[in-house]
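The block underneath contains the structure these notes are about, expressed in structure tokens.
These numbers come from the heavy atoms of this one structure, side chains and all, not from hydrogens, waters or symmetry mates. Remember, predicted model here, so these are calculated numbers, not experimental data.
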Amino acid sequence: MKKLSTSLAIAVSLFAGPHTAQALTPWTNGTPNLTVFISGAVALTNAYTQVVTTTLAASGTVDTFNDVDPVTGSKGSRWTAHYFTGNANLGSGLAGKKILLVRRTAGGSGYGVIPLNSNIPLEHLNIVGKPASAWIADGTQAWKQTISATNASTYLIKHISDGGSIAVDPAILLKPGTANYPDQQNELMTGLPEPGWPLTTIQIPTTGTSAFTIVPTGGLAYGVAVTLDLYKVLQAAQKRAGTLSSSVVVGNYNENDMPSLNHNLLASLIAGKIGSWEQIKIVDKTDSNKVKSLLDSSILADAGVSAPYKESTTGNNLTPVALGLRNNGAATSVIAYSAFLNYPATKNAFSPATKTPDSAVDEDASLPIVKEPIIVADTGTLLKDWQNGTNVLGFNNVADGSAYAKRWGIAVNSADRNNTVTVTGTGGDPWRYIRIDGYAPTLENIAAGGYPYWGEGVVLYRTSKSWDTNWALKTKLMKTLADNLGSPTIIGAVTTTQPWGKTGAFATTADPRGFSASIPFASSNPVVPFSHKNNGTVHTELVPVANANTTGGAVQMK
């Protein structure tokens, strides 16, 4: 009986084995058969994760490893690794293999271009050879660890990226001497930048022995965000000016409630040409057409907020504009500069405002105050610091009593964040998105050609690497990743719901697979009939136009 029971158990085990996928961990499954390192933008993160879990990996096999930022607590804002079994649809060489896909987003899109072209090793997350005790469990098949300079040599490894996933085309980044050209960030292990960073690269080769393959992906909606007090002040001011309905409840957060700033005013702010909030005025149609600044007591009373900190250096007691851009080479800023300033493509275009040094003296003497977070998640933290009078990031250094100065801040960001705010304006972090030219950053508004702040991305990798025996398999995996990042089926499953509509990632009709846009727009089929793609290549600096492949040549007008 004992032998019979044992034989039966073995038989059941053998029968179940091929049909039951198991998650992979380095302490159980050892070294992967294939490791692929990708660096670049954080854009399309939801779509990226969806591709890994539904297309690249066999069902149920993915274990996820994230870093935790020691300053902000953001999870996966710099590094993420997925360890999984290759899906059967990947075919020979990848199906059934143990695959480790490591993604670095620290530094933004620029880190998906310059280091690849110049073969510069970067700090990547290293999970191989570590026991379970090296990680903190973070739910089912998920792990995390706080990584700082003190333990960086344990959790990071220097490696040349195999591919770059960026939220723009490479050409718009490679503009030496401009705010688009990627700058460096300090390594955690050394505290210094990576050596050998070139300052004059002007193109990525697409022919010859050093050629790169560049595969367009889907696009992403970006947004302009403001601190909560400024959001309410803009609502109150625009109700008095007649551009918002008198029935709007200050603080509410659906599309019709959101305040709007026009294209030229936003361009002036981004270029640093408006230094104080006193410079922006309204004609109050509810009070005999009086001209009032945003700091007028009647507007503050309607908004239910107090005036923020005023500078003391100029002698004029002004309220500085606090402006959040991003580091050079980050797509969030690059796309904003192109969309609002035509920078740097147009000769004599206005350049973006210059960063303010991180000191109380410089900040108090600056109109505007300009900061450049190097991690997109830090943009939200920056707005929180300005709203709450805190200084988590070290970018808000002017003291005000026992705390720090409260600011009215405005920043560029992706449009898919802070999505737990309700329609009535409760919950979430203390900042909100606004409309641009009357349009919220929804996928529908992008598809109708009304909303201007968006861009497509690419995945790029060397066409050949004779010294890498696994290169054919690596490029096969990266090509599959890129193709699926542009798929409406994948993207439609992970669009972000905000109180004012659906936003996040989308596909375009410019994709060679011939995706069709829906009229009326359907978020389950997020395909946009406009594109920056021309002559086979994405050009972020171009005005997007209706793509010739749009079914029936039709676009929805709003």
Side-chain angles (χ1 to χ4, degrees), residues 34 36-59 62 80 82 84-95 97 99 101-103 109 112-113 116 161-170 204 206 211-220 331 443 454-464 470-495 504-517 524-529 531-533 536-538 540 547 549-550:
L34 184 74
V36 177
F37 295 93
I38 293 179
S39 56
V42 72
L44 301 178
T45 289
N46 291 342
Y48 180 96
T49 303
Q50 184 77 353
V51 173
V52 173
T53 55
T54 65
T55 303
L56 301 185
S59 178
V62 183
T80 297
H82 294 102
F84 56 89
T85 301
N87 199 321
N89 63 16
L90 295 179
S92 176
L94 293 175
K97 299 298 183 181
I99 299 172
L101 184 58
V102 182
R103 185 187 191 204
S109 285
V113 179
L116 273 70
S161 299
D162 296 303
S165 177
I166 67 176
V168 291
D169 61 288
I204 295 291
T206 55
F212 278 81
T213 296
I214 301 175
V215 186
T217 63
L220 186 70
L443 300 178
W454 58 272
E456 301 111 306
V458 303
V459 168
L460 66 155
Y461 46 83
R462 289 194 183 274
T463 304
S464 64
N470 286 319
W471 195 243
L473 293 176
K474 289 181 178 181
T475 56
K476 183 179 180 180
L477 186 78
M478 290 187 285
K479 179 66 162 58
T480 304
L481 171 67
D483 286 344
N484 282 275
L485 284 175
S487 164
T489 302
I490 294 292
I491 293 170
V494 291
T495 53
F506 55 86
T508 75
T509 55
D511 190 288
R513 288 168 287 184
F515 301 133
S516 298
S524 59
N525 179 48
V527 180
V528 168
S531 178
H532 297 89
K533 187 177 181 181
T537 304
V538 173
T540 307
N547 182 262
N549 293 329
T550 302

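Residues passing the ring-ring contact (aromatic ring centres under 6.0 Å, His included) test with Tyr461: none are found, sequence neighbours excluded. With sequence neighbours excluded, the residues that form a side-chain contact (heavy atoms from CB on, under 4.5 Å) with Pro216 are Lys533, Val538. Taking the ring-ring contact (aromatic ring centres under 6.0 Å, His included) definition, one finds that Phe212 meets it with nothing, sequence neighbours left out. By the side-chain contact (heavy atoms from CB on, under 4.5 Å) test, Ala41 pairs with Ala43, Ser109, Ala167, sequence neighbours left out. The salt bridge (charged side-chain N to carboxylate O under 4.0 Å, His left out) check on Lys474 picks up Asp162, Asp468, with sequence neighbours excluded. For Thr54, the side-chain contact (heavy atoms from CB on, under 4.5 Å) partners at least two apart in sequence or on another chain are Gln50, Ile490. Every side chain to side chain donor-acceptor pair (under 3.5 Å) that His532 has, sequence neighbours left out, goes to Glu456. Under the side chain to side chain donor-acceptor pair (under 3.5 Å) criterion, Thr540 pairs with Asp169, sequence neighbours left out. Not counting sequence neighbours, the partners of Ser39 by the side chain to side chain donor-acceptor pair (under 3.5 Å) test are Ser161. With sequence neighbours excluded, no residue forms a salt bridge (charged side-chain N to carboxylate O under 4.0 Å, His left out) with Lys97.
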For residues 84-91, tabulate all N or O donor-acceptor pairs below 3.5 Å that involve a side-chain atom, not counting sequence neighbours.
from, atom 1, to, atom 2, distance (Å)
Asn87, OD1, Asn89, N, 3.4
Asn87, ND2, Thr55, O, 3.4
Asn87, ND2, Ala57, O, 3.2

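In this structure the side chain of Leu481 reaches within 4.5 angstrom of the side chain of Ile38, judged on heavy atoms. Looking at heavy atoms from C-beta onward, Leu477 lies in side-chain contact with Ile99 at the 4.5 angstrom threshold. The closest side-chain heavy-atom distance from Thr475 to Thr213 is not below 4.5 Å. No side-chain heavy atom of Ser165 sits less than 4.5 Å from a side-chain heavy atom of Leu44. Pro529 has its side chain out of reach of Asn547: every pair of non-hydrogen atoms, C-beta onward, lies at least 4.5 Å apart. Using a 4.5 Å cut-off on side-chain heavy atoms (C-beta onward), Thr509 and Val527 make contact. Phe515 is not listed as a side-chain neighbour of Thr508, based on a closest heavy-atom distance of 4.5 Å or more.
For Pro526 against Leu443, the heavy-atom pair with the smallest separation is CB-CD1, 4.1 Å. Here the closest non-hydrogen pair linking Val168 and Ala331 is CG1-CB, 3.9 Å. When all heavy atoms of Val215 and Ala482 are compared, the pair lying nearest together is CG1-CB, 3.6 Å. For the pair His82 and Val62, the tightest heavy-atom approach, listed with the atom from each and the gap, is CD2-CG1, 3.8 Å. The nearest pair of heavy atoms linking Ala47 to Ile491 is CB-CG1, 4.3 Å. Across every non-hydrogen atom of Val458 and Pro170, the tightest pair is CG2-CD, 3.9 Å.
Residue pairs meeting the salt bridge (charged side-chain N to carboxylate O under 4.0 Å, His left out) criterion with at least one member in residues 482-495, sequence neighbours excluded, are Lys479-Asp483.
Within the 3.5 Å criterion, the main-chain N or O of Gly457 finds a donor-acceptor partner in the side chain of Thr217.
Atom OG1 of Thr49 sits about 11.0 Å away from atom CG of Leu56, to the nearest 0.5 Å. A distance of 12.5 Å separates CG in Leu116 from CZ in Phe37, rounded to the nearest 0.5 Å.
Under the 3.5 Å distance criterion, with hydrogens and angles disregarded, a donor-acceptor pair is assigned to the side chains of Thr45 and Arg103.
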